[in-house]
Amino acid sequence: MAQKPDLSLYKTHEEKVQRWLGYCEWLKAGSGNDAMTVRQNMAPAAEEGLQLISADDLPAKARFLAYKALGFYYRQDIEADSVSYYYLESLDLAKKVNDVSLIVSDCVALLHIGYEDEKEDKGNRLKDMLQSIIDTSSNQQILQDGYAALGSYFQQKAFYSSAQDYFIKSIVLKKQQADTTSINRIKNDYANQCYALAKLYLNTGSPDKALDILYEGKTSAAVTALTHGRYEALFIEIFCRKEKIDSALDHLHRYIDPLEKQFSKAPIVPAEVVFSNLAIAEYYINAKHYDSAFSYLDKGYKLSAKSKEPLFEYRGQKLMARYLLETGNAAKAIPLLNKALPVAKQFSKEDDADLLKYMALAQTAVGNKDAALQYYAAYTDLLDTLTKEKISRNFADLETHYQTNIKQNTITALDKENKLKKLELQTASRTKLLLIIGLVAVGLLALLLYFVYRNREKVNSLLHMQNNQLERLNSELGTANNTKAKLFSIISHDLRSPISQIIQLLQLQKENPMLISEAAKAAHDIRLKAASENVLETMEDMLLWSKSQMEYFKPQLTTVNIYLLIRNALAFINSEAEQKNISINMEAVENFSLQTDENFVAVIIRNLLQNALKYSNAGTEIKIAAADKKISFTNSSSVADADLLNAQLNNKNIDSNRSGLGLQIVSDLATAIGIHVFFQKEETGKLTAVMEWTD
């Protein structure tokens, strides 16, 4: 397979096509230090394959198009749009012939290269297509590649929790192969996946986790010089972030400096050399050790300029500008910032915000106050936009993370169980070996006992850690059971009465339809409708309350017209108010609005109105007042006790045989959105329920 095949040796056209497909697959799987050289031949080979096949051979055409796209990907002189174009062509044909493995391969490739078409939202459609295949597949290779691609997709979307979940799933599967194979390509794939997760941890402020996963993949990374270099550069970044500069410098001198010498006369500048020197320079700048920073900064800056790569040059310009700014050379920093600003906008809003801040500081330092104010205004506006986007992404990420949490917990539990079994086997094997050696040489007994003791300590430490995790899970389970008990108690209490009322009304209509006049029937239908709506509202209240007890559910704060909420709530109690001859007097302007959660406030108002109606004397008035950040409901009552009602508000124990469950719902929802609810008795013998916003 290593040489271009001679197709004249094959008799049939089908044999020639299959032989050429095999040759392209060998080029794709090329590994080792010469892999890039081998893959340079892929695009021409794929083009020859396309010329070889007939027009109706769609399966072969789909695969040759994928090989051509990959061949273009490895060439520096081809536009990225060409890569995406051929992958999309291959994907369309793969779907027509139902080639599942090729569909997955094309989707994975497109998601890895960050393909996105906002107008048609193709990036999301690729993700959904890949997800649907993964959910129904047991093929280990499809799952490995699919999980890795979804991790990259969510990382590009800044959904870091979801990206972490999928990266870990891919690593778990790849590790099973990497630990038991001698194939360098598989080991390299595993090392690259560990690298991607470590990079994610580092970018999200978890250098300790990044270091752990990087050590996990370090052995496999040694199979290729390219991957090994990337690992060493990332080790340097992590050590700088952890403020372990001695370790960072050790890796720089042992691995990166020799790499720099290797490429010193070549036109190519390795990214590892540039970013490693800049990382150490940034550490010293953060520590205000500017003299120590300069040599590394100067080297990184010059190499970035030599590379002609936009990203390299941008990183060098940005850090050099910061150095000049902090060392009192703001005038020299401004030209660098002017060069870096357009590039920063192409990479991320975070980079753009940093550059705007530095430019505002530089303009201030040189006395250009007007320009400084303009840059600072642009910086603050962009910062506000970033904050809103981060909040939005966090909510979306939490939702995605919640949907996959159960599966992830299962994978984690199985992984821990396998590790424990492996450790137990190792312990048993070592113990047996120690006993045999003890029989041969009694003089080694003390040393053998030491090893046994040490192994037991490791097992005890592991068991202690697992016991702590079990206690935490039991605590979470207890909280969930308590919430479930509350919900069942509320259902048994609040739904029994209205449902019984509906059953009675239906029974009356069934058994004595002829005894009911048209007017009575109309009134009966109105009562039945009102009772049904009461049941529906009660169920919605309970659903909203139960959601409020969930760990990931948060109130949605918007500008809410309180006047309209009160009017809507009054519509549900008008019938009962008329039966008790109670009038409603509302003192609130129509545009009275507050920043709060509309659903939570609607439930609270409806419950307090129902409570006021329940305790009101017949023929009296309920007064509703709303002003500033306060709403009050005042009614005449000869039986209600403000202290008792306040106690019910603060009660945390649910008893389905008692009243007050509605008030406990009110208390839970009010606490969630920063409202203080309480009852107070007026001097006139009236009772007032108060809703007061505390922030």
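Just so it is clear, the model here is predicted, and its values are computed rather than measured.
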Asker: Between Thr427 and Thr431, which heavy-atom pair has the shortest distance, and what is it?
Answerer: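 Residues Thr427 and Thr431, closest heavy atoms: O-OG1, 2.7 Å.
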Asker: Is there a side-chain contact between Glu272 and Arg230 (heavy atoms, below 4.5 Å)?
Answerer: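 A side-chain contact exists here, since the closest heavy-atom pair is under 4.5 Å.
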Asker: Should the pair Glu313-Lys339 be classified as a salt bridge under the 4.0 Å nitrogen-to-oxygen rule?
Answerer: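 No, no charged N to carboxylate O under 4.0 Å.
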Asker: Where is the tightest heavy-atom contact between Ala344 and Leu355, given as atom of each residue plus distance?
Answerer: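 Taking every non-hydrogen atom into account, CB-CG, 4.1 Å.
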Asker: I'd like to know whether the aromatic ring centres of His289 and Tyr283 sit less than 6.0 Å apart in this structure.
Answerer: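 Judged by ring-centre distance (under 6.0 Å), His289 and Tyr283 do not meet the cut-off.
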Asker: Does the pair Ser170 and Gln144 meet the rule for a side-chain hydrogen bond (donor to acceptor under 3.5 Å, both in side chains), with working shown?
Answerer: CA-CA 5 Å; Ser170 177; Gln144 288 179 31; over 6 Å; no
Asker: Do Ile168 and Gln164 touch side chain to side chain, with heavy atoms closer than 4.5 Å?
Answerer: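 When only atoms from C-beta onward are counted, Gln164 and Ile168 do touch, with a gap below 4.5 Å.
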Asker: Kindly indicate whether the side chain of Asp189, heavy atoms from C-beta on, has any atom under 4.5 Å from the side chain of Ile186.
Answerer: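 Answer no - side chains too far apart.
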Asker: Please evaluate residues Tyr166 and Phe154 with respect to the criterion ring-ring contact (aromatic ring centres under 6.0 Å, His included), reporting the C-alpha separation (whole Å), side-chain torsions for both, the decisive distance (0.1 Å), and the verdict.
Answerer: CA-CA 9 Å; Tyr166 283 109; Phe154 284 116; 5.6 Å; yes
Asker: Please identify which of these residues, Leu311, Val269, Ile256, meets the side-chain contact (heavy atoms from CB on, under 4.5 Å) condition with Val274.
Answerer: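 Of all the options given, the one that passes is Val269.
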Asker: Check whether more than 12 heavy atoms from other residues, nucleotides or ligands sit under 6.0 Å from atom CG of Asp291, and answer yes or no.
Answerer: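 At most 12 heavy atoms, drawn from other residues, nucleotides or ligands, come within 6.0 Å of this atom.
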Asker: If only atom types and distance count, is the side chain of Ser461 paired as donor or acceptor with the main-chain N or O of Glu457 below 3.5 Å?
Answerer: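 Such a contact is absent between Ser461 side chain and Glu457 backbone.
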Asker: Under the criterion side-chain contact (heavy atoms from CB on, under 4.5 Å), I'd like the reasoning laid out for Ile171 against Ile213: C-alpha separation, chi angles, the key distance, then a yes or no.
Answerer: CA-CA 10 Å; Ile171 286 173; Ile213 194 64; 4.2 Å; yes
Asker: How far apart are the C-alpha atoms of Asn286 and Arg241, what are their side-chain angles, what is the distance that settles it, and do they pass the side-chain hydrogen bond (donor to acceptor under 3.5 Å, both in side chains) test?
Answerer: CA-CA 10 Å; Asn286 291 337; Arg241 192 75 61 87; over 6 Å; no
Asker: Ignoring hydrogens and angles, tell me if any N or O in the side chain of Asn460 forms a donor-acceptor pair with the backbone of Arg456 under 3.5 Å.
Answerer: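 Checking the backbone N and O of Arg456 against the side chain of Asn460, a donor-acceptor pair under 3.5 Å is found.
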Asker: Is any side-chain N of the basic residue among Lys175 and Glu216 closer than 4.0 Å to the acidic one's carboxylate O?
Answerer: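 Yes, charged N to carboxylate O under 4.0 Å.
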Asker: Which donor-acceptor pairs under 3.5 Å do side chains of residues 299-308 form with protein atoms, sequence neighbours excluded?
Answerer:
residue : atom : partner : partner atom : Å
Lys299  : NZ   : Glu260  : OE1          : 3.4
Lys302  : NZ   : Asp298  : OD2          : 3.1
Ser304  : OG   : Gly300  : O            : 3.3
Ser304  : OG   : Tyr301  : O            : 2.6
Lys306  : NZ   : Ser264  : O            : 3.4
Ser307  : OG   : Ser304  : O            : 2.7
Ser307  : OG   : Glu309  : N            : 3.2

Asker: Parallel, tilted or perpendicular: which fits the ring planes of Tyr296 and Tyr284, with parallel below 30° and perpendicular above 60°?
Answerer: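 Ring orientation of Tyr296 relative to Tyr284: parallel.
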Asker: Are the side chains of Leu448 and Ile437 in contact, using a 4.5 Å heavy-atom criterion?
Answerer: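 In short, these two side chains touch, coming nearer than 4.5 Å.
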Asker: Within a reach of under 6.0 Å around NE2 of His253, are more than 12 heavy atoms found that belong to other residues, nucleotides or ligands?
Answerer: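 Above 12, so yes.
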Asker: Can I get a per-line list of side-chain donor-acceptor pairs under 3.5 Å for residues 361-376, giving both atom names and the distance, sequence neighbours left out?
Answerer:
residue : atom : partner : partner atom : Å
Gln363  : OE1  : Asn368  : ND2          : 2.8
Thr364  : OG1  : Ala360  : O            : 2.8

Asker: Atom CG in Leu252, atom OG in Ser247: separation rounded to 0.5 Å?
Answerer: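 The distance works out to 12.5 Å.
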Asker: Does the side-chain contact (heavy atoms from CB on, under 4.5 Å) test come out yes or no for Lys68 and Met42, once each step is laid out?
Answerer: CA-CA 7 Å; Lys68 186 171 183 178; Met42 185 176 298; over 6 Å; no
Asker: Taking the six-membered ring of Phe275 (Phe, Tyr or Trp), confirm whether the NZ or CZ of Arg315 is under 6.0 Å from its centre and within 45° of its axis.
Answerer: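 Satisfied, under 6.0 Å and within 45°.
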Asker: Can you confirm if the aromatic rings of Tyr215 and Phe235 lie within a centre distance of less than 6.0 Å?
Answerer: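 Yes, ring centres under 6.0 Å apart.
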Asker: Measure the shortest side-chain to side-chain distance between Leu470 and Gln466 over non-hydrogen atoms and say whether it is less than 4.5 angstrom.
Answerer: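 The answer is no, as the side chains (C-beta and beyond) never meet within the 4.5 Å cut-off.
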Asker: At their closest point, which heavy atom of Gly151 faces which heavy atom of Ala163, and how far apart are they?
Answerer: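 Residues Gly151 and Ala163, closest heavy atoms: O-CB, 3.4 Å.
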Asker: Evaluate the criterion side-chain contact (heavy atoms from CB on, under 4.5 Å) for residue pair Ile134 and Leu150; output intermediate values, then yes/no.
Answerer: CA-CA 10 Å; Ile134 290 175; Leu150 289 175; 3.7 Å; yes
Asker: Can you check whether Leu325 reaches Lys332 side chain to side chain, under 4.5 Å on heavy atoms?
Answerer: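 No, too far: nothing below the 4.5 Å cut-off.
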Asker: Please answer whether the main-chain N or O of Tyr201 pairs with a side-chain N or O of Thr204 as donor and acceptor at a distance below 3.5 Å.
Answerer: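 Yes.
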Asker: Check whether any side-chain heavy atom of Thr224 lies under 4.5 Å from a side-chain heavy atom of Asn184, and answer yes or no.
Answerer: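 Of all side-chain heavy-atom pairs linking Asn184 with Thr224, none is under 4.5 Å.
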Asker: Would Tyr147 and Phe167 count as a close aromatic pair, with their ring centres under 6.0 Å?
Answerer: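 Centroid separation for Tyr147 and Phe167: 6.0 Å or greater.
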Asker: State whether Asp250 and Arg254 are salt-bridged, where the test is any N-O pair (Lys NZ or Arg NE/NH1/NH2 against Asp/Glu carboxylate O) under 4.0 Å.
Answerer: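 Looking at Asp250 and Arg254, the cut-off is met.
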Asker: Just by distance, do the side chain of Thr327 and the backbone of Leu324 share a donor-acceptor pair under 3.5 Å?
Answerer: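 Present.
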Asker: Establish, yes or no, whether the cationic atom of Arg430 lies under 6.0 Å from the six-membered ring centre of Phe451 and within 45° of the ring axis.
Answerer: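 Because its charged atom misses either the 6.0 Å distance or the 45° angle limit, Arg430 does not stack over Phe451.
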Asker: Tell me if a side-chain donor or acceptor on Lys187 pairs with a main-chain N or O of Thr181 at a distance below 3.5 Å.
Answerer: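 Such a contact is found between Lys187 side chain and Thr181 backbone.
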Asker: For the backbone of Ala377 and the side chain of Thr380, can you confirm whether one donor and one acceptor N or O come within less than 3.5 Å of each other?
Answerer: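 Side chain of Thr380 to backbone of Ala377: a pair is present.
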Asker: Could you check if a side-chain atom of Gln176 sits within less than 4.5 angstrom of a side-chain atom of Val172, using non-hydrogen atoms only?
Answerer: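 When only atoms from C-beta onward are counted, Val172 and Gln176 do touch, with a gap below 4.5 Å.
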Asker: Would you sort out whether Ile285 and Tyr290 count as a side-chain contact (heavy atoms from CB on, under 4.5 Å), showing the intermediate values?
Answerer: CA-CA 6 Å; Ile285 292 174; Tyr290 300 110; 4.1 Å; yes
Asker: With a 3.5 Å distance limit and no angle check, can you tell me whether Thr227 reaches the backbone of Val223 through a side-chain donor-acceptor pair?
Answerer: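 Not a single qualifying donor-acceptor pair exists.
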Asker: Whether Asp351 and Lys318 form a salt bridge (side-chain N of Lys/Arg under 4.0 Å from carboxylate O of Asp/Glu) is what I want to check.
Answerer: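 Salt bridge: yes.
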